[in-house]
Asker: 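Can you read through this structure? Questions will come right after.
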Amino acid sequence: MRYSLAHLDSLDPTAFELAVYSLLCRDGLAAQHVGRAGDKGADALVVDGSRRRVLVQCKRLRPDRRVGDQDVQRVNEPTATTTVPNSL
């Protein structure tokens, strides 16, 4: 499975998250799409080969939407209210 940048840029936010999710699965990671309203930015839950659980937040650069410093800082902030489902 491959996507062109033009195709990825044309997707709505949910379709973009699903495309990233499908690429994670294609590359052999156990992944679950968890993006929904009120998800605090979590779009996918991944379990890697070492059984580490990682939350993925999908962001993309486009001429009309740039990922800013605040976006990155929010991702790097620890939060006591974020819970990771045990379903994987």
Side-chain angles (χ1 to χ4, degrees):
M1 170 180 319
R2 295 182 73 166
Y3 298 110
S4 70
L5 290 177
H7 175 74
L8 290 172
D9 282 345
S10 72
L11 298 175
D12 65 59
T14 300
F16 180 74
E17 290 174 9
L18 290 170
V20 171
Y21 160 77
S22 67
L23 292 170
L24 292 166
C25 292
R26 178 205 67 187
D27 290 346
L29 296 167
Q32 177 183 2
H33 179 251
V34 295
R36 65 187 185 291
D39 64 10
K40 297 187 180 184
D43 298 317
L45 174 63
V46 175
V47 178
D48 70 10
S50 299
R51 303 295 300 153
R52 291 177 296 201
R53 297 181 333 170
V54 179
L55 285 173
V56 176
Q57 184 176 28
C58 298
K59 295 288 184 193
R60 60 182 164 173
L61 294 173
R62 294 187 339 199
D64 63 328
R65 171 66 174 106
R66 300 229 181 255
V67 177
D69 291 343
Q70 290 179 345
D71 295 315
V72 174
Q73 290 167 359
R74 274 194 297 265
V75 170
N76 287 322
E77 285 178 1
T79 175
T81 60
T82 301
T83 57
V84 178
N86 282 325
S87 58
L88 284 179

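Residue numbers count from 1 along this sequence.
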Asker: How long is the span from the NE2 atom in H7 to the CZ atom in R2, to the nearest 0.5 Å?
Answerer: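 Atom-to-atom, H7:NE2 and R2:CZ are 13.5 Å apart.
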Asker: Let me check something: do V20 and M1 share a hydrophobic cluster, defined by ILVMFWY side-chain heavy atoms less than 4.5 Å apart, either directly or through other members?
Answerer: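 Looking at the clustering, M1 is in the same group as V20.
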Asker: Compare every heavy atom of E17 with every heavy atom of D43, then report the nearest pair and how far apart it is.
Answerer: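 In this case the closest contact between D43 and E17 is OD1-OE2, 2.9 Å.
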Asker: Are F16 and L23 grouped together when hydrophobic residues (ILVMFWY) are joined by side-chain heavy atoms under 4.5 angstrom apart?
Answerer: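 As far as the 4.5 Å side-chain criterion goes, L23 and F16 are connected within one cluster.
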Asker: side-chain hydrogen bond (donor to acceptor under 3.5 Å, both in side chains) with R52: which residues, sequence neighbours excluded?
Answerer: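 Only D48 meet the side-chain hydrogen bond (donor to acceptor under 3.5 Å, both in side chains) criterion with R52.
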Asker: Is there a path of hydrophobic side-chain contacts, each under 4.5 Å between heavy atoms of I, L, V, M, F, W or Y residues, that connects L24 with L11?
Answerer: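 L24 clusters together with L11.
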Asker: Please name all residues satisfying side-chain hydrogen bond (donor to acceptor under 3.5 Å, both in side chains) with S22, sequence neighbours left out, ordered by chain then number.
Answerer: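 Checked S22 against side-chain hydrogen bond (donor to acceptor under 3.5 Å, both in side chains); matches are Y3.
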Asker: If you compare all heavy atoms of L8 against all heavy atoms of A19, which two are closest, and at what distance to 0.1 Å?
Answerer: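 Where L8 meets A19 most closely, the heavy atoms are CD2-CB, 3.9 Å.
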Asker: Under the side-chain contact (heavy atoms from CB on, under 4.5 Å) rule, collect the residues that match up with Y21, sequence neighbours excluded.
Answerer: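 Partners of Y21 under the side-chain contact (heavy atoms from CB on, under 4.5 Å) test: C25, A31, H33.
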Asker: Taking side-chain contact (heavy atoms from CB on, under 4.5 Å) as the test, write out the residues that go with D27, two or more places apart.
Answerer: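 side-chain contact (heavy atoms from CB on, under 4.5 Å) check on D27 returns nothing, list empty.
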Asker: If you look at every heavy atom in V47 and L29, which pair is closest and at what distance?
Answerer: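 Closest pair (atom of V47, atom of L29, distance): O-CD2, 4.1 Å.
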